[in-house]
Every structure is written in structure tokens, then in C-alpha cells.
Amino acid sequence: MVEKFSRYASADYLKTEEDIAAYLEAAAEEGDDPAVLARALGGVARSRNMSQLSRDTGISREGLNKALSGEGNPTLATVMKVAKALGLRVGFRPAP
């Protein structure tokens, strides 16, 4: 018997602000790989309206998809624009 797996997309599970915050916090704690955080932010962006996010940030949909794919290399300015447009705040705190 062959097992079948359905597609998994984190955006399908990011329903509340608390879900989003916990997801991004976990991605940020992954360590030194900024691609993990970019990909997580992309998942959050896809859970919202990517077209509206494009309009709010002034960045094309294609540009957002590339930057937040985990393979792109978004600038801090892009991350800040996306976070602000999503109603999020980027912050720092002491490491444990």
C-alpha cells in the first residue's frame, strides 16, 4: 500500500495573531539562518492577502515572493516594511 501525503503549507494554520507571533518567534529562535525567518515571514504573508501586502509595502508580488521564499535575500528594510504592513513589530531582547 502506497502512503499518500497532502500538501503542507504553514499559511493554512496561521489563523490568529497569537499563531503568527508564535510561528515567527519559533523561526527566529532557529539560530543563524536568516532564510528560515524569511521563509516564515513569507508563510505569514501568504496567510494574509499577498496582493494587498504588495500594495501596502510598495513591493511587487513577485518581489515579495522572491524575497520571502527562503532563497531570496531580503534587506532589513524589506523585512521591516513587510512586518509593519502585517501589523507586526520587529524587536530585540537579550538571548537566554
Side-chain angles (χ1 to χ4, degrees):
M1 179 174 191
V2 176
E3 291 186 45
K4 291 188 178 186
F5 296 96
S6 61
R7 174 189 72 82
Y8 175 82
S10 57
D12 296 341
Y13 301 94
L14 300 174
K15 303 295 184 197
T16 67
E17 299 301 317
E18 291 79 18
D19 293 342
I20 290 168
Y23 180 64
L24 291 174
E25 186 70 28
E29 290 176 1
E30 276 296 310
D32 298 332
D33 189 358
V36 172
L37 188 55
R39 194 173 14 257
L41 195 55
V44 172
R46 284 184 292 285
S47 76
R48 305 283 179 91
N49 184 334
M50 187 68 93
S51 295
Q52 183 63 49
L53 182 62
S54 174
R55 288 188 290 277
D56 292 345
T57 61
I59 303 169
S60 71
R61 248 183 93 97
E62 295 79 19
L64 285 172
N65 280 323
K66 182 179 177 185
L68 303 177
S69 69
E71 295 179 19
N73 189 13
T75 64
L76 182 56
T78 299
V79 171
M80 299 290 286
K81 278 184 185 179
V82 169
K84 183 177 180 182
L86 291 170
L88 301 168
R89 183 176 50 191
V90 176
F92 296 94
R93 59 183 175 181

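In what follows, residues are counted from 1 in the order of the sequence shown. This one's a predicted model, so the numbers in the text were calculated from it and none came from an experiment.
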* Asked: For the residue pair R46 and R39, what are the closest heavy atoms and their distance?
  -> NH2-O, 4.0 Å
* Structure fact -> All heavy atoms of G70 vs all of A35, minimum pair found to be O-CB, 3.1 Å
* For D19 and L14, work out which heavy atoms get closest and say how close. => O-CD2, 3.9 Å
* **Minimum heavy-atom distance A85-L53, with the two atoms named** => CB-CD1, 3.4 Å
* **L24-M50 co-clustered via ILVMFWY side chain contacts under 4.5 Å** => yes
* Looking at CD1 of I59 and CG of N65, how far apart are the two atoms once the value is rounded to the nearest 0.5 Å? -> 11.5 Å
* Asked: Can you tell me if CD on Q52 sees more than 12 non-hydrogen neighbours from other groups inside 6.0 Å?
  -> yes
* Look up atom CE in M80 and atom CG in L88, then write down how far apart they are to the nearest 0.5 Å. => 11.0 Å
* To do: Report yes or no: do V44 and V36 belong to one cluster of Ile/Leu/Val/Met/Phe/Trp/Tyr joined by side chain heavy-atom distances under 4.5 Å?
  => no
* Asked: How about T78 and T75: does a side-chain donor come under 3.5 Å of a side-chain acceptor?
  -> yes
* Minimum-distance pair of heavy atoms, taken over all atoms of A40 and A27 -> CB-CB, 3.5 Å
* E17 bridged to R48 by N-O distance under 4.0 Å -> yes
* Structure fact -> Residues A28 and L37: closest non-hydrogen pair is N-CD1, 4.1 Å
